[in-house]
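What follows is one structure encoded as structure tokens, with my remarks underneath.
Everything numeric here is computed off the predicted structure, so don't read it as measured data.
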There are 2 protein chains.
Amino acid sequence: MAAPRNPRPCSIADALALVGEKYSLLVLREVCLGNGRFDQLVRNTGAPRDVLATRLRRLVDAGVLAKHPYSERPQRFEYRPTQAGLELEPVLMTLMAWGDRHLREDRDRPMVIEHACGHAVVPVVTCSACGGQVRHEDLTAHPQAPGWTVTGPTTA
Amino acid sequence: MAAPRNPRPCSIADALALVGEKYSLLVLREVCLGNGRFDQLVRNTGAPRDVLATRLRRLVDAGVLAKHPYSERPQRFEYRPTQAGLELEPVLMTLMAWGDRHLREDRDRPMVIEHACGHAVVPVVTCSACGGQVRHEDLTAHPQAPGWTVTGPTTA
DNA sequence: CGCAGTGAGTTGGAAAATCAAACTGAGTCG
DNA sequence: CGACTCAGTTTGATTTTCCAACTCACTGCG
């Protein structure tokens, strides 16, 4: 009885519950750029210090970031991405490309990422099975949990 | 004057400012799945109704979603992704794959997306120039704005 | 007609998160 | 010693979120 809130079970939701809080992905961006110190993170993300401390704790606990000491004696740490953290970087790249494309008319992209091949990265999401692009019209969703359809739950 | 907070200028930040608020990407997920009606969105995302209304307004204003009437007289609408919205779907797919990989040990993925090629989508982010995978170790960042380095601003 | 029901929100107030600035504490530098 | 750095923590004030209840337009049903 009483279904308080049971939204669709989904790894997108799970992922966002972890890294979707305000500033978390900006922290990851900075950490991937090599700016892993607390005060750098404050400056570069704009996060309030207390919020940042909270986010960092969560991300470390979840295994997305790890703390690395860069100085004993005046004990100092630096945050770095774990393997899991690094694997989120393609998500950031794709999001950046989307922002560049849709949130800026002109060519004033504030940051360009260069790929090992020598070109500016323009990420394309592809299907690992066929190599083709992952586009909406080529996708069909198959919810595995009972009761969760894609055309509308209809509940009954 | 007084520089209150000027974080790094970046399209990731801009994109997140728009679609990074709680529930926004879940709304987009549902809308891409074809569940674009208000009450469906409430049920499937778990968002409070007032928050959902606020998010929908923003996403429509920003051109990520559009309102489509599916009934005159008892005026009823449905939200659908615009082209810009659809182009965010690959981001969702990549995020879902990350969640499947890192937030679940077993193979109980709650939703499987099938690609036109017949296989379950396992998205890979590639460089459009060379076709190679976009991985951290192959990337070099080039901030375009002055004062924003990748090894630490140093401010001075 | 009268009245329960649906869809798409809006309203009101309590609870939680965010924000800014000041503070702490270990330790170094001059 | 006194000033400074870094990595946070504390303290209140401000904003958001959350939830339940309510509205409004309209559609059946009997």
Side-chain donor-acceptor contacts of residues 84-91 of chain B below 3.5 Å, not counting sequence neighbours, with atom names and distances?
unit_1: B/Glu87; atom_1: OE1; unit_2: A/Arg101; atom_2: NH1; d: 2.2
unit_1: B/Glu87; atom_1: OE1; unit_2: A/His102; atom_2: NE2; d: 2.6
unit_1: B/Glu87; atom_1: OE2; unit_2: B/Gln83; atom_2: NE2; d: 3.0
unit_1: B/Glu89; atom_1: OE1; unit_2: A/His136; atom_2: ND1; d: 2.6
unit_1: B/Glu89; atom_1: OE2; unit_2: A/His136; atom_2: ND1; d: 3.3

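In this structure a side-chain-to-backbone donor-acceptor pair under 3.5 Å is present from A/Arg8 to A/Thr149. Between the side chain of A/Ser128 and the main chain of B/Val122, a donor-acceptor pair closer than 3.5 Å is present.
Salt bridge status for A/Arg80 with A/Glu78: present, with a side-chain N to carboxylate O gap under 4.0 Å. A salt bridge does not link A/Asp61 to A/Arg58: none of the charged nitrogens lies less than 4.0 Å from a carboxylate oxygen. For A/Asp39 and A/Arg49, the salt-bridge test passes: some basic side-chain N is under 4.0 Å from an acidic carboxylate O.
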(request) Walk me through it: do B/Asp14 and A/Arg104 pass the test salt bridge (charged side-chain N to carboxylate O under 4.0 Å, His left out)? (result) CA-CA 10 Å; B/Asp14 294 354; A/Arg104 311 178 170 276; 2.3 Å; yes

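For B/Gln75, there are no side-chain hydrogen bond (donor to acceptor under 3.5 Å, both in side chains) partners at least two apart in sequence or on another chain.
For the segment residues 62-78 of chain B, the set of residues with a heavy atom within less than 4.0 Å of an atom of DNA chain D comprises B/Arg73, B/Pro74, B/Arg76, in numerical order. Within residues 49-59 of chain A, the residues that place at least one heavy atom under 4.0 Å from DNA chain D are, in residue-number order, A/Arg49, A/Asp50, A/Ala53, A/Arg57. Near DNA chain C, meaning a heavy atom under 4.0 Å away, the residues from residues 8-28 of chain A are A/Lys22, A/Tyr23.
One hydrophobic cluster, built from ILVMFWY side chains closer than 4.5 Å, cannot hold both A/Val124 and B/Leu92; they sit in different ones.
Of all nucleotides in DNA chain D, those with any atom nearer than 4.0 Å to a heavy atom of chain B start and finish, going 5' to 3', at D/dT17 to D/dT27.
With a 6.0 Å radius and a threshold of 12 heavy atoms from other residues, nucleotides or ligands, A/His119 has its NE2 atom at or below the threshold. Heavy-atom contacts from other residues, nucleotides or ligands closer than 6.0 Å to CD of B/Glu105 number 12 or fewer.
Judged by the 6.0 Å distance and 45° axis criteria, B/Arg76 is not positioned over the aromatic ring of B/Phe38.
Atom P of nucleotide C/dT6 and atom CZ of B/Arg43 are separated by 10 Å, given to the nearest angstrom.
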